[in-house]
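Note sheet for the following structure.
Chain naming here is simple, since letters A, B, ... match the order of the sequence lines and numbering starts at 1 in each.
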Amino acid sequence: MQVVRAAEEPAYEQVPLDVYDAPAPSAPARPVVDIDGLNPAQKEAVLTTEGPLLVLAGAGSGKTRVLTFRIAHMIADLGVRPWQILAITFTNKAAAEMRERLQALLPDGTRGMWVCTFHAMCVRMLREDADLLGYTGQFTIYDDDDSRRLVRDIMAAMEIDQKQYPINMIRSKISTAKNAMIGPDEMASRADDPRTEKAARVYAELERRLRAANAMDFDDLLVRALELLRTRPEVLEKYQDRFRYISVDEYQDTNHVQYEIANLLAAKYHNLMVVGDDDQSIYSWRGADISNILDFEKDFPDAKVVKLEQNYRSTGHILAAANAVVRHNSQRKDKRLFTDAGDGEKIQAYQASDERDEGRWIAAEIDKLHDAGTSYDDIAVFYRTNAQSRILEDMFLRAGVPYRIVGGTRFFDRAEIRDVMAYLKMIVNPADEMSVKRVINTPRRGIGSTSIAKIDQLAQQNRCSFFQACELATAETGMFSAKVRNGLASFVGIVREGRRMSGELKDVVEAIVDRAGLVQAFCAEGTMEAESRAENIQEFLGVAAEFEETHEDIEGTLESLEELRAAGISDLPAGAGGSGEASAVPAQAAAPAARDERDASDRPNPLDALAAPLTSAQEALATMIAGNSMAAAPVEPLPAALVADEIERTYGPLACAALPALLEWLALRSDLDALSGQASAITMMTVHSAKGLEFPAVFVAGMEEGIFPHVAGFAAADDPGKLEEERRLAYVAITRARKRLFLTYAATRRTYGSTQANPRSRFVNEIPEEHIEFSGIGSSGFEGTGWEKRGDRRGTFGSGMGSDMYGGRVFGSRTRSTGGSGVSRHTGISPDAGLKPATFGSGVAHTTRAKASASPAVEQRRPDVARAAETFAPGDTVSHKTFGTGTVISAEGDMIEVQFDKSGKTKKLMKGFAPIVKLS
DNA sequence: ATACCGATCATTTTT
DNA sequence: TGATCGGTAT
């Protein structure tokens, strides 16, 4: 994927960064990292290396630069060792980028430095010391989907009505409690309404099951890590001593637990730098707490505060617009962003007739930009909700605009991929009940819900894990049919064999998939869909291969001091210093090599320990059990560590060390897009995922009340804070743009089956006139320049001029006229009319949809291919909506290749989708 | 046990 | 609109 570049052109960047050879361990006479190109505020931040530091960094003020320079300065000039540095970022992407930059700045390497997200850091810490909390180092990470399913199962088991108690509401209540470090019991005792009370009960069971499965969800990763640091002074000390310099980026988006973790780690040396911008706080719904940043000075009265207010990213109009919008918020620190750059181009606002027109217009503008020399890579399209991406995608596909989508429904969310991952998870951690249950009958083994219920029962009776119960069931002749027993035997065998497999990661995964019979099942099915699923699995194997290749790169792995020592890194503190370090059981999962050797017999058998006096680990475990919700649980589960250990002894150690590493990488969703092709393409993503990025040209689609700000109705009414967050989101979107900004909104939009007319977003209205230009159907400056601006594909919208041009025949399938609806359906809708979106029922005659449904349903998405095939042949002259006229070079299947006169370039277009008409 | 159906449902953002 | 859930028929 594209490496998103941070400011490339600002003036300060033109000063070359000098890092001279051989930085001495002791401070040299003159600074080695050249900071002359920084502005005074930036300089001050970079040079303030000791003590607490708060950097209020406005958008585009060069904070990443400050962060990296500061670290480089410490290492190159002040003799700080890389392994003493912990730099926390918000996303994996940001971490990767920062690492990359630091590597460029520091020729001697950055080995030992931890540059990662909170989550990654917590995983790393927990892998090492999870046994202190009653988990095993190979604990499984449950991603959001896993966690959701688990909650769903629990609620089903508890017979809680999902209609009365929506699962998302329950989950968010639990999550809120977790992040406030409130346990299930406490939550239950505090509950003063039935919903909270139910949530607390689910919470208790969730904890129990997670623990029994030796699994942690995303919240747990943070909470348990904090628990580790709080309850284990030797562990805390280990990290406090090691990480003398800590920085946290995007501090405004940290939640309470993250805040606690950061403060705890920095408690000893107080060298904590936090960077953030309260105007960019957009994750409060996820527990992010702006007061973390607002109260930093209270937490550290001796904190130095630096404000970065000069913007190096955007041109004047864009910056002015951003300032104007965010000024409407009341809850903010006053800031004054300014720029030296000129005014630049005005912001373009376009009112589309509907969402398809919006997509088409954006595609056309993108094409103009591209023709003018802008690379596709420099263009981004943002939207508020993922649902909006579909139609945009569709339009870009038709227009031949290459695109790449960040986020949204991902490859790794596909059922077949998750199945494969569940197999892998199960093999690594057979105690992981969710995964086991997911694939126990995938592919079909004749094990249905009744069998599963019986196995559950067996597990209860024998106080063992579900997986072990599966094995027991193979011998239970009375309880299960021979067919089920055979299926189970085969299933259980997968784990036995899978754990023993070794070699190339890809081969191991392939062997497991093969053994599981997944692909075979698809082949047997023989449908197109099954085929594509099989292909996806094939692609997943490629991912595994690529992972193994790229992941050997030691940079980017979070190494413990022990590992660094073992690798011969000098200048580490004496081994005696780390009391916890020396005694800790080596982490078994993530880190490659050196671990396989460990001798299982060396380790105390946790089962024996039950009779023996309590060791520290056992003690911890006992505390956990006593202190946690488990007391309330109907059946006390076996502690995860014991189950997992027993499983390991039963099924042998896991031979393929790369497997857990792959799973961890997948679970934390490391930059998945890195895997997609390198071809030049525009980037599509939600505004949330755009945070931290920048693009020369930015489109923001769906600037409408109800869309952005989202659900204006209740947001504005019952919580002004929500609206302010939406506004900050708009601020983030606007400030991503460097040179060109386009805001689009549609007069009518089809959402969830009904068409609604949304007024233009208040955020657009908040931009002073002098910075913005309007066009499109609602603008007075509208000029009829033909279909490029207003004809829709059916050529019916607007004046009708465009559609007549080619007799209404667009790419071969002549579509039914929708009559004069183009005029009538917009009557009375003015862009500024009220703020309440008007919703039309889908059956109302004057909506777009009602008219369209009068024609065959297939018309929209599947034009008549046969007719399209008649239409185009090599040599034909065609006209494309955005590319102009051209000649057909070839026509194969659904694709035609056209050479366009204007650009001379050839493009492959999808027949039946591209907005093409045949001229001759 | 599974396949299919129809009804119902909720629709944000992500580590 | 689409996904997902629960129920029913096979």
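- Using a 4.0 Å heavy-atom distance criterion, A:Asp219 is classed as making no nucleic acid contact.
- Across the interface with DNA chain B, nearest-nucleotide mapping of A:Asn168 and A:Gln258 shows A:Asn168 to be the residue nearer the 5′ end.
- Nearest nucleotide to the A:Ser689 side chain, out of B:dT14, B:dT12, B:dT2: B:dT14.
- Aromatic rings of A:Tyr283 and A:Phe90 (six-membered ring for Trp) have centroids within the 6.0 Å cut-off, being under it.
- Residue contacts for A:Arg384: at a heavy-atom cut-off of 4.0 Å it reaches a base atom on one of the strands shown.
- A:Arg728 comes within 4.0 angstrom of nothing in the nucleic acid, heavy atoms only.
- Of the side-chain N and O atoms in A:Ser451, one or more sit less than 4.0 angstrom from OP1 or OP2 of B:dA1.
- Under 4.0 Å is where a charged nitrogen must lie from a carboxylate oxygen, and between A:Asp144 and A:Arg148 no such pair does.
- The listed nucleotides are B:dA1, B:dT12, B:dT15; the one nearest the side chain of A:Lys722 is B:dT12.
- At a threshold of 4.0 angstrom between heavy atoms, the contacts of A:Tyr283 are confined to the sugar-phosphate backbone, with no base atom among them.
- For B:dT14, neither phosphate oxygen OP1 nor OP2 lies less than 4.0 angstrom from any side-chain nitrogen or oxygen of A:Asn92.
- Of the residues listed (A:Arg418, A:Lys437, A:Arg438, A:Arg152), the one engaging A:Asp146 in a salt bridge (charged side-chain N to carboxylate O under 4.0 Å, His left out) is A:Arg418, and it is the only one.
- In this structure, of B:dT12, B:dT11, B:dT15, it is B:dT11 that holds the atom nearest to the side chain of A:Tyr752.
- Side-chain proximity of A:Thr117 to B:dT2, B:dT15, B:dT12: nearest is B:dT15.
- Taking 4.0 angstrom as the limit, A:Arg750 places a side-chain polar atom (N or O) nearer than this to OP1 or OP2 of C:dT1.
- Closest contact between the side chain of A:Thr385 and the listed nucleotides B:dT15, B:dT12, B:dT2 involves B:dT12.
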